[in-house]
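Worksheet for the structure shown next.
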Amino acid sequence: MEENKISNLNSSDDIINYIKDSTFNSQDIVYKELIIQDEKIHIVYDEPMVDTTTISDFVIRSIKNSVNEKIFENIDNKIENFEEENNNTKISLENKIEQKLKKLNKNTSKEIEQIVTNLEKIITIGKIKKLDLTQDDIFYYLFSGFTCVIYHTIIYAVNTRGNIDRSISEPTSEKNIKGPKDAFTENYQNNIGLIRKRIKSEKLVLEESKVGRRSKTKIGIMYIEDIARPNLVEYIKEKLKKINIDAILDSNYIMEILEDSDKTDFPTMISTERPDLVSNMLLQGRLALIVENSPFVLIIPAFITDFINNVEDYYQKNVNLFITKIIRYIAFFITIFTPAIYVALTTFDQETIPTQLLLSFTTQREGVPFPAFLEAFIMIVSFELLREGDFRIPNTGGSTLSIVGALILGDAAVNAGIVSPIMIIVIAITTISGLMFTDINMANALRTWRFILLIFASMAGLVGVAVGLFLLIIKLASTTSATKPYTYPIAPINLNSIMKNLFKRKNISNDTKRQKILTNNLTKYVKIKEQAK
């Protein structure tokens, strides 16, 4: 039905009526007419999406000036030729010129058509594309901030997009101590520029596609052509082609769709608003997915160690980094296992606790009406409620909520005999350890497994914790990211990568090799040693 409508559009008025009917006369779309020598040039744009000054100063004025110059140039030539032919007679000179002008006006449409056809040369700003209604979606360009110039059946789309995006600011979800302070925004082109200004290489490739039947969201795949594996690029492109959805409103839509398994608790893509991290990952052989209208760029593939390590490791002294990384790995296990181990020891395996410590635990729990499992469950839920509330309320109220929740409610719960002081300490350490992982999906996965292990511990003590650990290892080992093993370099084991990257960072001057799992181009650069003089 739509194809039949388009095939019957034989004039600019037909095209205008088609736009009006398809948009149900939406009030934000503006229609203007340029009337030149009885010929109409239609200007159509979506007012909230464009810069009207650009349309007035560059589009309309350029067309008017070009058309007038062409027409009057031809008129002057005709008059001069006529005067030369009749320079010996003065009979009805003015009448003859008027007749010539009337004949010339009949050819005005050809002149205007020639001007419109050469619109790309006349208008020097932005991107200009000639549209074919049978192949191009005019509404995509209209609602992307383009102005449509229509003459007869000729349609040009001129990029006159207005500035409706926020300016570049510091990252809000990823704390930045020493690195660059700029962050991605909702502006697609700005996000690409933030990466381009860091990697000024002709090998950095951008491929685009549109996803979403209604949103028509632009998604850019960025990779370095001579580093990224071609089969990985094709794998992602094929995945994107298979997406059939109404709208993509954020990069997390893409993350959920592209994941190898939708049952995976742990994130298999890195979602970041830091251009320096994206640039670093591209140089390793990974792919970056830039989603229109989203300030978060996706990096694929991702390994579990990527969520423990940090791009800021490159901005710190290497000799100090070993302890920092050890603390992170300890925090990973503390935030999952501490409540479960405490419940297992105090409920089932009391003989493993030193007598003095066991007496201290017993004294503190005296008068608490709940078993250790229920006590831990209540406190974990309470702290998670505080965390969720801290995320949702404005920044000005976050500190107040934390103080009220952590100090007043915690102290009141202990004084009321609902929970024991040691349980407050256990849950506090667990929560603080979890704060080291800024990715919200990783934090949620750790929370899920914290509850799972707590349930196993309440049923079988340390044996239950061991069973839960076994299931966690199976889950991680069976997870993949873009067909790559999620637990690399631990499984499949790569001792060289473990020794050089897992617990420390190689000195930048000696880091000349890439990981083979990501690329066939293993050499970063060749270190040239100074010749002995």
Side-chain angles (χ1 to χ4, degrees), residues 168-185 190-201 204 222-224 227-228 251 255 266-290 294-329 331-332 434-443 481-482 484 486 488-489 497-498 500-515 517-519 524-525:
I168 296 172
S169 58
E170 292 189 24
T172 57
S173 63
E174 298 170 83
K175 196 69 175 177
N176 192 347
I177 301 174
K178 290 189 65 178
K181 302 298 183 182
D182 52 351
F184 292 121
T185 67
N190 283 354
N191 293 345
I192 295 173
L194 290 172
I195 300 172
R196 283 281 184 191
K197 79 173 186 178
R198 287 173 167 81
I199 305 178
K200 302 178 181 68
S201 170
L204 180 60
M222 290 195 82
Y223 59 93
I224 300 179
I227 298 180
S251 59
M255 179 188 295
F266 292 89
T268 56
M269 296 185 192
I270 300 173
S271 178
T272 180
E273 55 179 342
R274 295 188 58 169
D276 56 329
L277 175 58
V278 173
S279 302
N280 181 283
M281 293 296 182
L282 286 171
L283 292 169
Q284 294 179 17
R286 312 197 199 201
L287 274 60
L289 300 180
I290 301 98
S294 176
F296 289 91
V297 171
L298 302 179
I299 302 170
I300 189 170
F303 309 124
I304 190 170
T305 53
D306 294 325
F307 298 94
I308 299 175
N309 298 328
N310 196 301
V311 69
E312 292 214 11
D313 294 345
Y314 288 90
Y315 311 141
Q316 301 179 29
K317 289 185 69 65
N318 194 26
V319 293
N320 300 327
L321 196 58
F322 178 76
I323 299 298
T324 302
K325 286 199 172 186
I326 290 294
I327 291 173
R328 290 178 191 158
Y329 286 105
F332 179 82
L435 294 177
M436 298 191 68
F437 306 96
T438 57
D439 188 283
I440 187 64
N441 292 310
M442 174 59 74
S481 176
K484 307 298 180 186
Y486 190 56
Y488 179 86
S497 182
I498 289 175
K500 294 180 179 179
N501 298 312
L502 200 62
F503 293 107
K504 65 176 185 176
R505 172 180 60 80
K506 285 190 69 175
N507 289 327
I508 293 177
S509 59
N510 296 324
D511 188 14
T512 61
K513 297 292 182 181
R514 299 185 181 92
Q515 294 178 343
I517 195 172
L518 294 173
T519 177
K524 287 186 178 180
Y525 61 89

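Model, not experiment: these values are computed from the prediction.
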Provide the closest heavy-atom pair for R286 versus Q284 in the form atom of the first, atom of the second, distance. NH2-OE1, 3.0 Å

Separation between CG of L282 and CD1 of I199, rounded to the nearest 0.5 Å: 5.0 Å

Could you walk me through whether I299 and L277 satisfy the side-chain contact (heavy atoms from CB on, under 4.5 Å) test, starting with their C-alpha distance in whole Å, then the side-chain angles of each, then the deciding distance to 0.1 Å, before giving a yes or no? CA-CA 9 Å; I299 302 170; L277 175 58; 4.1 Å; yes

With a 4.5 Å heavy-atom cut-off, do K484 and I300 have their side chains touching? no

Is there a side-chain contact between K524 and K513 in this structure, where contact means two heavy atoms from C-beta onward sitting under 4.5 Å apart? no

Give me the atom names and distance for the closest heavy-atom approach of A183 to I168. O-CG2, 3.6 Å

Gap between atom CG of N191 and atom CZ of F296 - 0.5 Å precision: 11.0 Å

Just how far is it from atom NZ of K181 to atom OG of S169, taken to the nearest 0.5 Å? 12.5 Å

Going by an N to O cut-off under 4.0 Å, is there a salt bridge joining D313 and R328? yes

Can you check side-chain contact (heavy atoms from CB on, under 4.5 Å) on F184 and S294, steps first, answer last? CA-CA 8 Å; F184 292 121; S294 176; over 6 Å; no

Atom pair CD1 (I224) and CE (M281), whose distance is rounded to the nearest 0.5 Å: 13.0 Å

I want to check something: taking the side chain as every heavy atom from C-beta on, are P180 and R198 in contact at a cut-off of under 4.5 Å? yes

Minimum heavy-atom distance L283-R514, with the two atoms named: O-NE, 2.8 Å

For F303, does its backbone N or O pair with a side-chain atom of S481 as donor and acceptor, under 3.5 Å? no

Closest non-hydrogen atom pair between I227 and G285, with its separation: CG2-CA, 3.4 Å

Step by step, work out the side-chain contact (heavy atoms from CB on, under 4.5 Å) result for N441 and M269. CA-CA 10 Å; N441 292 310; M269 296 185 192; over 6 Å; no

With a 3.5 Å distance limit and no angle check, can you tell me whether E273 reaches the backbone of T185 through a side-chain donor-acceptor pair? no

Distance-only, no hydrogens or angles: does the K200 side chain make a donor-acceptor pair with backbone N or O of K197 under 3.5 Å? yes

Measuring from E174:CD to D276:CG, what's the distance to the nearest 0.5 Å? 8.5 Å

Rounded to the nearest 0.5 Å, what separation is found between the CD1 atom of I270 and the CG atom of L298? 10.0 Å

Can you classify the ring geometry of F307 versus Y486 as parallel (below 30°), tilted (30 to 60°) or perpendicular (above 60°)? tilted

Mind checking whether M222 and L289 have side chains closer than 4.5 Å, heavy atoms only? no

Could you report the tightest heavy-atom contact between T438 and S173, atom names first, then the distance? CB-O, 3.9 Å

Within the 4.5 Å heavy-atom criterion, are Y223 and L204 side-chain neighbours or not? no

State, with a plain yes or no, whether a side-chain heavy atom of V278 is found less than 4.5 Å away from one of T272. yes

Do R274 and E312 make a side-chain contact, defined as non-hydrogen atoms from C-beta onward lying under 4.5 Å apart? yes

Can you confirm whether N310 sits close enough to Y315 that some side-chain heavy atom of one is under 4.5 Å from a side-chain heavy atom of the other? no

